[in-house]
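Report on the structure given below.
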Amino acid sequence: MIHLAVLGSGRGSNFEAIQKAIIAGELEAKVSVVISDKQDAPILEKAQSYGIPAIAVPRDNFDTRQAHEKEIVALLQNYTIDYIVLAGYMRILTSYFIRQFPNRILNIHPSLLPAFKGLHAQKQALEYGVKVSGATVHLVNEEVDGGRILGQKCVPVYDSDTEESLSQRILAVEHQLFPEVLQKISEGSLKIPMEVKA
Ligand code: GRF
């Protein structure tokens with residue numbers, strides 16, 4: 001059993017997929033807390049509906065990125081946490097935060113990394129004309145979308161696709177991929193080296 005903190009900025013569909021996998025007994029994990037940088041993010045309401053502590057830490061309340069992250073780190077210390085799951089967290093973490101949790105932060109990205117890092121990955125894929133895209137779960141390091149890949153799932157890209165239709169197809173596999181990778185970590189079939197905190 002692994003304990004998770006989920007950080008998200010928006011609708012929280014990946015969080016919900018993880019929570020549903022836990023409830024279905026497919027993922028041996030517990031979400032200890034959900035934190036958002038947006039006061040009114042739907043992910044917070046979703047967490048509350050599952051009885052999970054949900055906390056807003058609005059970015060605008062802090063002078064610097066590091067002050068904002070320090071508040072989140074302080075909050076996380078109140079919970080049992082093995083991994084931090086970024087599920088649509090739309091801020092780039094500073095090295096300060098990343099070094100607090102070396103090899104303990106996972107992100108999901110809507111492309112087959114290392115292709116199409118950064119924002120609007122689905123649009124980038126369409127513009128490039130790739131015929132296959134997908135989703136990637138990876139460790140977070142100091143290079144944006146650059147950490148070690150833990151799992152991927154692919155989807156076809158059709159000539160008729162729009163950014164919206166491709167995003168929906170990728171999102172459907174994201175919802176399978178994140179719980180699957182987390183379960184592999186939980187059962188020990190996917191080993192992540194423990195790094196010493198910097
Ligand atoms: C997903 O497309 C994910 O790949 C990206 O942000 C989106 C989050 O969606 N990092 P949701 O909030 O989990 O619904």
Side-chain angles (χ1 to χ4, degrees), residues 4-24 26-27 29 31 33-50 52 54-59 72 83-93 97-98 101 104-128 130 132-157 161-183:
L4 311 172
V6 177
L7 269 57
S9 306
R11 74 192 150 187
S13 71
N14 277 287
F15 154 69
E16 195 160 35
I18 290 166
Q19 184 57 28
K20 282 185 172 165
I22 292 171
I23 291 168
E26 293 158 10
L27 170 56
V31 179
V33 63
V34 172
I35 294 176
S36 180
D37 60 322
K38 295 260 169 59
Q39 186 76 53
D40 50 4
I43 192 173
L44 293 175
E45 265 179 47
K46 281 193 173 130
Q48 278 163 354
S49 75
Y50 289 103
I52 296 168
I55 306 170
V57 186
R59 169 67 181 87
I72 295 175
Y83 292 92
I84 296 172
V85 168
L86 305 184
Y89 190 66
M90 296 309 288
R91 291 195 173 277
I92 293 172
L93 296 167
F97 188 94
I98 293 166
F101 308 100
R104 288 293 172 271
I105 310 173
L106 278 66
N107 182 43
I108 188 153
H109 184 76
S111 76
L112 294 176
L113 289 173
F116 312 129
K117 296 176 177 174
L119 289 175
H120 310 299
Q122 303 93 333
K123 186 161 177 261
Q124 292 183 55
L126 287 174
E127 283 172 2
Y128 218 94
V130 293
V132 177
S133 190
T136 303
V137 171
H138 64 94
L139 287 176
V140 172
N141 65 10
E142 291 178 40
E143 185 197 338
V144 175
D145 299 325
R148 191 180 126 204
I149 290 168
L150 302 178
Q152 291 185 308
K153 275 191 189 292
C154 47
V155 302
V157 182
D161 265 329
T162 60
E163 191 179 350
E164 176 61 24
S165 64
L166 179 58
S167 299
Q168 284 303 322
R169 197 174 307 119
I170 293 174
L171 194 63
V173 296
E174 290 183 36
H175 295 163
Q176 301 166 357
L177 179 64
F178 225 156
E180 281 177 19
V181 169
L182 289 166
Q183 175 56 20

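Order of appearance sets the numbers: ligands from 1, and atoms from 1 within every ligand.
- Here is the list of ligand 1 atoms found below 4.0 Å of a heavy atom in R11: 9 (O), 11 (P), 12 (O), 14 (O).
- The protein heavy-atom contact nearest to atom 8 (C) of ligand 1 is G88 CA, 3.5 Å.
- Some N or O of I108 is nearer than 3.5 Å to an N or O of ligand 1, by distance alone.
- Q124 places a side-chain N or O within 3.5 Å of a backbone atom of L119 that can act as its donor or acceptor partner.
- Among protein heavy atoms, the minimum distance from atom 4 (O) of ligand 1 is reached at E174 OE1, 2.8 Å.
- For the atom pair CG of L44 and CD of Q39, the computed distance is 8.0 Å after rounding to the nearest 0.5 Å.
- At a threshold of 4.5 Å between non-hydrogen side-chain atoms, the residues K20 and H175 do not count as touching.
- Under the 4.0 angstrom criterion for non-hydrogen atoms, G12 is in contact with ligand 1.
- For the pair P110/E174, a side-chain contact is recorded, criterion being any heavy-atom separation below 4.5 Å from C-beta on.
- Atoms of ligand 1 lying under 4.0 Å from at least one heavy atom of P110, given by number and element, are 4 (O).
- Near N14, meaning under 4.0 Å from one of its heavy atoms, ligand 1 places the atoms 1 (C), 9 (O), 11 (P), 13 (O), 14 (O).
- Within the 4.5 Å cutoff, side-chain heavy atoms of L93 are placed close to those of L86.
- Ligand 1 has no N or O atom lying under 3.5 Å from any N or O atom of N107, backbone or side chain.
- A side chain to side chain contact (heavy atoms under 4.5 Å, CB included) with L7 holds for exactly one of V85, I35, D37, I43; it is I35.
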